[in-house]
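Take a look at the structure set out below.
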Amino acid sequence: MPATAPPASDQIVLPLLTWHQTARRDLPWRRDRSPYAVWIAEVMLQQTQTATVIPYYEQWMRRFPDLAALAAASLDDVLRAWAGLGYYARPRQLYRAAQLIVARHAGQIPAARRELLALPGIGRYTAGAILSLAFGQREPVLDGNVRRVLCRLYDIAADPNTATVTKQLWTLATELVNAAPEGRPGDLNEALMELGALICTPRQPRCAACPVAAACLAHARGVEADRPLIQPTARPPHHTVVAGVIQDETGALLLIRRLPTGLLAGLWGLPGGVLLVGETMEDGIRRTIRGQIGVEVAPTALLTRIKHAYTHFRITLFAWRCQHTAGVPQPLQCAEVRWVLPDALPGLAFPATDARILQALKAAASA
DNA sequence: AACTCGGGGAC
DNA sequence: GTCCCAGAGTT
């Protein structure tokens with residue numbers, strides 16, 4: 001009997017919990033439901049897929065096994081553990097929050113929604129996840145998975161990212177967690193997310209295996225493939241970026257540390273920048289490096305070319321070997337500049353692009 | 001409400 | 001190539 005009306009919470013909660021008991025994946029952060037473990041995992045999982053997070057999470061928990069270890073670390077340690085995972089405001093906020101928890105909450109992660117939301121990097125979703133998964137509280141979560149699941153179950157035909165629909169979805173998520181049996185709000189929230197990850201997927205949802213297909217309004221209407229409604233997105237701009245690989249006679253590399261705000265904040269990298277329209281790569285290298293660290297260089301040979309997509313633009317990055325011809329490096333448009341021997345590179349946090357250039361350099365040196 | 005902020009898995 | 005992921009903060 002296909003659904004003809006929006007499902008009642010009771011039609012969803014028990015089938016979902018029963019399904020979840022056997023379908024639930026064994027993920028590293030599910031073996032430890034301590035507030036610290038949940039917090040770290042949830043922040044790492046923000047806009048980041050499970051498979052990407054797993055190795056970072058395991059390494060992080062070895063390096064910073066509890067909140068005291070994180071609070072006692074240096075920001076550089078924290079950024080290095082995060083390097084390559086993206087959205088680098090996250091580790092900075094995690095670190096700041098750890099210090100605040102020590103100062104305000106005697107080192108214990110607070111179990112109150114208001115206090116969690118007051119911490120940097122913890123928004124409505126992450127607060128709900130910590131409160132329900134670690135503390136067993138009846139608080140809802142709404143992430144990308146739950147958003148999609150709810151848009152299908154209730155056949156919400158409007159743009160799901162508007163404020164109106166988002167509010168509606170939070171209300172639905174609240175109703176569902178309120179209908180969970182005593183002591184099961186965390187399981188219910190996890191089951192909703194797990195359903196979105198395993199069954200109610202963005203493309204080709206596995207409705208035949210879905211425990212709540214009978215209650216799903218979009219499925220009954222045959223429109224599950226069109227929920228949630230997607231709106232066309234503009235193509236992001238493209239930039240050409242140049243970077244200089246500058247080595248002195250000892251083999252040391254000239255590296256910069258990025259400013260503490262903005263893109264890739266606080267991470268290390270090669271000097272360089274975005275090419276102007278019509279500018280040659282050689283001119284661009286000389287100009288950007290002069291402005292960034294006040295030295296004159298002469299590009300000699302192209303080392304490698306890398307294509308990379310950021311959130312709002314794409315780049316093609318050309319890394320050139322350069323001769324340092326004049327000037328003492330100084331941090332004009334960066335936080336720091338330093339000559340670094342190859343052995344010391346593992347001690348610095350690099351974004352993915354710079355890590356790839358350094359890998360190419362290492363490969364060329366050993367060839 | 002619009003914009004910023006990475007990187008990669010899956011198709 | 002495209003879509004989108006256990007989102008949060010700023011303007």
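Below, chain A is the first sequence line, B the second, and so on; all start at residue 1. This one's a predicted model, so the numbers in the text were calculated from it and none came from an experiment. Basis for what follows: all heavy atoms, side chains included, without hydrogens, waters or symmetry-related copies.
- Each of Glu279(A), Glu296(A), Glu282(A) was compared with Arg287(A) under the salt bridge (charged side-chain N to carboxylate O under 4.0 Å, His left out) criterion, and only Glu279(A) meets it.
- Glu194(A) places no side-chain N or O within 3.5 Å of a backbone atom of His20(A) that could act as its donor or acceptor partner.
- Residues forming a side-chain hydrogen bond (donor to acceptor under 3.5 Å, both in side chains) with Thr261(A) (at least two apart in sequence, or on another chain): none.
- The residue Leu85(A) sits close to a base: some heavy atom pair falls under 4.0 Å.
- Think of Ile246(A) as one node in a network of Ile, Leu, Val, Met, Phe, Trp and Tyr side chains linked at under 4.5 Å; its network also takes in Val242(A), Leu254(A), Ile256(A), Leu275(A), Met281(A), Ile285(A), Ile289(A), Ile293(A), Val295(A), Val297(A), Leu302(A), Phe318(A), Trp320(A), Val337(A), Trp339(A).
- Asp66(A) meets the side-chain hydrogen bond (donor to acceptor under 3.5 Å, both in side chains) test with no other residue; sequence neighbours excluded.
- Here, dC3(C) and dG6(B) have their C1' atoms 16 Å apart, quoted to the whole Å.
- Applying the ring-ring contact (aromatic ring centres under 6.0 Å, His included) rule to His239(A) yields the partners Phe313(A); only residues at least two apart in sequence or on another chain are considered.
- Regarding Arg90(A), its CZ atom lies at a distance of 14 Å from the P atom of dC5(C), rounded to whole Å.
- Residue-level contact check: Ala352(A) touches the backbone only, with heavy atoms under 4.0 Å from sugar-phosphate atoms and none from bases.
- Out of dG6(B), dC11(B), dA1(B), the shortest distance to the side chain of Ala163(A) is found at dA1(B).
- Separating the C1' atom of dC3(B) from that of dA6(C) is a span of 23 Å, rounded to the nearest Å.
- Taking atom CD1 of residue Ile306(A) and atom P of nucleotide dG8(B), one finds them 11 Å apart after rounding to whole Å.
- The stretch residues 260-273 of chain A does not touch DNA chain C, since none of its heavy atoms comes less than 4.0 Å from the strand.
- Both Pro351(A) and Thr164(A) sit near DNA chain B, but only Thr164(A) has its closest nucleotide nearer the 5' end.
- Phe313(A) places its CZ atom 10 Å from the C1' atom of dC5(B), with the value rounded to the nearest Å.
- Hydrophobic cluster membership of Leu117(A), counting Ile, Leu, Val, Met, Phe, Trp and Tyr whose side-chain heavy atoms lie under 4.5 Å apart directly or via other members: none, as it forms a cluster of its own.
- Regarding Arg356(A), its CZ atom lies at a distance of 10 Å from the P atom of dG7(B), rounded to whole Å.
- In this structure, Tyr310(A) does not reach the dT4(B) phosphate: none of its side-chain N or O atoms is under 4.0 Å from OP1 or OP2.
- Residues forming a ring-ring contact (aromatic ring centres under 6.0 Å, His included) with His308(A) (at least two apart in sequence, or on another chain): Tyr310(A).
- A distance of about 15 Å separates the C1' atoms of dC4(C) and dC5(B), rounded to the whole Å.
- Atoms CD and CG, from Glu139(A) and Leu116(A) in turn, are 9.5 Å apart once rounded to the nearest 0.5 Å.
- In this structure, the CE atom of Met44(A) is 16 Å from the P atom of dG6(B), given to the nearest Å.
- In this structure, the CG atom of Leu259(A) is 16 Å from the C1' atom of dT4(B), given to the nearest Å.
- For the C1' atoms, the distance from dG7(B) to dT10(C) is 22 Å, rounded to whole Å.
- Applying a 4.0 Å cut-off to non-hydrogen atoms, none of the residues of residues 166-174 of chain A approaches DNA chain C.
- Distances were taken from every side-chain heavy atom of Pro202(A) (C-beta onward) to each of dA10(B), dC5(C), dT4(B); the shortest belongs to dC5(C).
- Contact annotation: His308(A) side-chain N/O to dG7(B) OP1/OP2 distance is under 4.0 Å.
- Mapping Gln204(A) and Gly86(A) onto DNA chain B by nearest heavy atom places Gly86(A) at the nucleotide closer to the 5' end.
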For nucleotides 6-11 of chain C, just jot down a letter per nucleotide in 5' to 3' order: B, S or -, based on protein non-hydrogen atoms under 4.0 Å. BBSS--
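- Under the 4.5 Å side-chain criterion, counting only non-hydrogen atoms from C-beta, Leu348(A) is not in contact with Arg80(A).
- Going from atom CD1 of Ile230(A) over to atom C1' of dC5(C) covers 15 Å, rounded to whole Å.
- Here Leu341(A) is tied to no hydrophobic group at all, with no ILVMFWY side chain closer than 4.5 Å.
- Phe64(A) is linked by a ring-ring contact (aromatic ring centres under 6.0 Å, His included) to Trp60(A), counting only residues two or more places apart in sequence or in another chain.
- Taking atom NE2 of residue His312(A) and atom P of nucleotide dA2(B), one finds them 13 Å apart after rounding to whole Å.
- Residue contacts shown for Arg314(A) are limited to sugar-phosphate atoms, with no base heavy atom under 4.0 Å away.
- The hydrophobic cluster containing Tyr87(A), built from Ile/Leu/Val/Met/Phe/Trp/Tyr side-chain heavy atoms closer than 4.5 Å, comprises no other residue.
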